[in-house]
2 protein chains.
Amino acid sequence: MIQKKKHAFNLFAASKGLRSTRQRDSILDVFLSTRQHVSVEELYLKVKAGNPGVGQATVYRTLKLFVEAGLAREVLLHDGQTRYEHVVAGEHHDHLVCTGCNAIIEFENETIEKLQDEIAARHGFLIRSHKLEIYGLCSACKN
Amino acid sequence: MIQKKKHAFNLFAASKGLRSTRQRDSILDVFLSTRQHVSVEELYLKVKAGNPGVGQATVYRTLKLFVEAGLAREVLLHDGQTRYEHVVAGEHHDHLVCTGCNAIIEFENETIEKLQDEIAARHGFLIRSHKLEIYGLCSACKN
DNA sequence: CTCAAAAATGAAAATGATTATCAAAAGCAG
DNA sequence: CTGCTTTTGATAATCATTTTCATTTTTGAG
């Protein structure tokens, strides 16, 4: 799976005339080894741990490439930082965000997706992506 | 309706020990006269037109009060600016966001709301708010 | 393998939105 | 009015992100 994603990125890179570099490889490794919703800062720190010379501008730049390549997706929560999550082919999930402890619970709901398609169709709208976030308190925080 | 909202804000303000000021009144007026999804900058410019001395820090501060008072809701789209929309009691809508022309189409879907409640219940999650945004191309832009 | 062109990088400066600071002004209870 | 507290405007500070640009790497042609 990690191999598949790396391959996907290489294909993308080749098709765009992008070059293969040490820093892109290590950012990809770290990203792939990561749990969901990493911020750029978190990623930057992890990358630097294994590869001290990498600058954060490069991490920013590279994450945008991952998004273009379809490996990552931007997630904007409410903390003023852009986070990135893995894109798993054919899968889409949404988020329950706990405003108490910042936990994020993922869920999938096929019916909601279908309803979105219907709504879009009704408006002649072509869906590229969507984002559903439910804010509130998780079971631990609501008491 | 505008009267009702002003009243709501006054009640809120009173209950919080907030004072009634010229700038808050005029920011509220402008906000209420506004179409959906105003950015702070837009609001600031409009307020300044009728009331040149108002500073933008005040507009930022006051909008947060409106959110606390339940008159406004934050909407984060993809342009790096926080926007505010009116809260209409008992009504919630979501957005189709056209990435071509930045148009925003609102919609409501009762079934999606219900499904969200079910999902939350299943996770023991207490919903405070939610946000559903569908990105893509509107009928005019998709060709 | 060598080399020049093109692309990528790191460090630092720039940007843009938002927030904090603080002295002066305004609102309000008594 | 008076005095105390909140609010305000101007400006500085912050924070995430982007740009700039000189330098380093990569790559592909020869």
Side-chain angles (χ1 to χ4, degrees), chain A residues 9-31 37-69 72-84 102, chain B residues 9-31 37-69 72-84 102:
Chain A
F9 182 65
N10 290 336
L11 280 181
F12 167 78
S15 77
K16 288 280 192 170
L18 301 180
R19 291 176 178 177
S20 147
T21 69
R22 204 174 326 110
Q23 22 287 76
R24 280 176 186 165
D25 288 346
S26 74
I27 295 168
L28 183 54
D29 280 345
V30 173
F31 176 65
H37 318 110
V38 229
S39 67
V40 181
E41 182 65 12
E42 285 162 2
L43 218 38
Y44 168 59
L45 293 175
K46 289 194 184 193
V47 169
K48 221 174 43 170
N51 204 338
V54 179
Q56 54 180 358
T58 301
V59 179
Y60 274 98
R61 289 188 278 234
T62 305
L63 282 167
K64 302 207 156 192
L65 292 177
F66 292 171
V67 172
E68 272 190 80
R73 182 186 295 127
E74 274 189 26
V75 188
L76 298 176
L77 302 178
H78 265 178
D79 62 350
Q81 274 184 290
T82 302
R83 292 169 179 281
Y84 292 87
N102 292 311
Chain B
F9 182 65
N10 290 336
L11 279 181
F12 168 79
S15 77
K16 287 281 193 175
L18 301 179
R19 292 179 176 172
S20 149
T21 67
R22 205 176 325 112
Q23 20 290 74
R24 280 178 187 163
D25 288 345
S26 77
I27 294 169
L28 182 53
D29 279 345
V30 172
F31 177 64
H37 317 111
V38 228
S39 67
V40 182
E41 183 65 13
E42 285 161 1
L43 218 38
Y44 167 58
L45 293 175
K46 288 193 185 193
V47 170
K48 220 174 44 170
N51 203 337
V54 178
Q56 55 180 358
T58 301
V59 179
Y60 274 99
R61 290 188 279 236
T62 305
L63 282 168
K64 302 207 156 193
L65 291 178
F66 292 171
V67 172
E68 272 191 80
R73 183 186 293 126
E74 274 190 25
V75 188
L76 298 176
L77 302 179
H78 266 177
D79 62 352
Q81 275 183 291
T82 303
R83 293 169 177 278
Y84 291 87
N102 292 311

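In this text, all values refer to a predicted model and were calculated from it rather than measured experimentally. Lettering of chains follows the sequences in order, A, B, ..., and the numbering in each one begins at 1.
- Distances shorter than 4.0 Å separate some side-chain N or O of Q23(B) from OP1 or OP2 on dG9(D).
- OP1 or OP2 of dT17(D) lies within a sub-4.0 Å distance of a side-chain N or O belonging to Y60(A).
- If you measure from atom CG of L63(A) to atom P of dT18(D), you get 11 Å, rounded to the nearest angstrom.
- With a cutoff of under 4.0 Å to any heavy atom of chain B, the contacted region of DNA chain C is bounded 5' to 3' by dA17(C) to dC28(C).
- Contact annotation for K64(B): backbone-only contact, meaning every heavy-atom pair under 4.0 Å involves sugar-phosphate atoms and none involves a base.
- Taking only side-chain nitrogens and oxygens, R24(A) never comes nearer than 4.0 Å to OP1 or OP2 of dT26(D).
- Rounding to the nearest 0.5 Å gives a distance of 5.0 Å between CZ of F66(B) and CZ of F9(B).
- Between Y44(A) atom OH and dC15(D) atom C1' there is a gap of 15 Å when expressed in whole angstrom units.
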All N/O donor-acceptor pairs, side-chain side in residues 18-25 of chain A, below 3.5 Å, sequence neighbours left out:
residue, atom, partner, partner atom, Å
T21(A), OG1, R24(A), N, 3.1
R24(A), NH1, R19(A), O, 2.7

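- Residues V47(B) and F31(B) are not in side-chain contact: their nearest non-hydrogen atoms beyond the backbone lie 4.5 Å or more apart.
- Distance check: N51(A) CG to I27(A) CD1 gives 8.5 Å after rounding to the nearest 0.5 Å.
- If you take CG of N10(A) and P of dT26(D), they are 14 Å apart, rounded to a whole angstrom.
- Toward the 5' end of DNA chain C, the nearer of the two residues V40(B) and Q56(A), judged by each one's closest nucleotide, is Q56(A).
- Heavy-atom distances to DNA chain D give each of G17(B) and T58(B) a nearest nucleotide, and the one nearer the 5′ end belongs to G17(B).
- Smallest separation of non-hydrogen atoms from H37(B) and R83(B): O-NH1, 2.9 Å.
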Review item, nucleotides 27-30 of chain D N/O atoms under 3.5 Å of protein N/O:
residue, atom, partner, partner atom, Å
dT27(D), OP1, S20(A), N, 3.4

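- Remark on the helix from dC1(C)-dG30(D) to dG30(C)-dC1(D): inter-end axis angle 30°, axes from five-pair C1' superpositions, rounded to 10°.
- Take E68(A) and apply the salt bridge (Lys or Arg N to Asp or Glu O under 4.0 Å) test, not counting sequence neighbours, and it matches K16(A).
- Put simply, the side chain of E74(B) reaches to within 4.5 Å of the side chain of Y84(B), judged on heavy atoms.
- S39(A) OG to L45(A) CG: the interatomic distance, rounded to the nearest 0.5 Å, is 8.0 Å.
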Show every donor-acceptor pair shorter than 3.5 Å between a side-chain atom in residues 52-62 of chain B and any protein atom, with sequence neighbours excluded, or say none if there are none.
residue, atom, partner, partner atom, Å
T58(B), OG1, R61(B), NH2, 3.4
T62(B), OG1, T58(B), O, 2.6

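- Both T82(B) and R61(A) lie near DNA chain C, and the one whose nearest nucleotide falls closer to the 5' end is R61(A).
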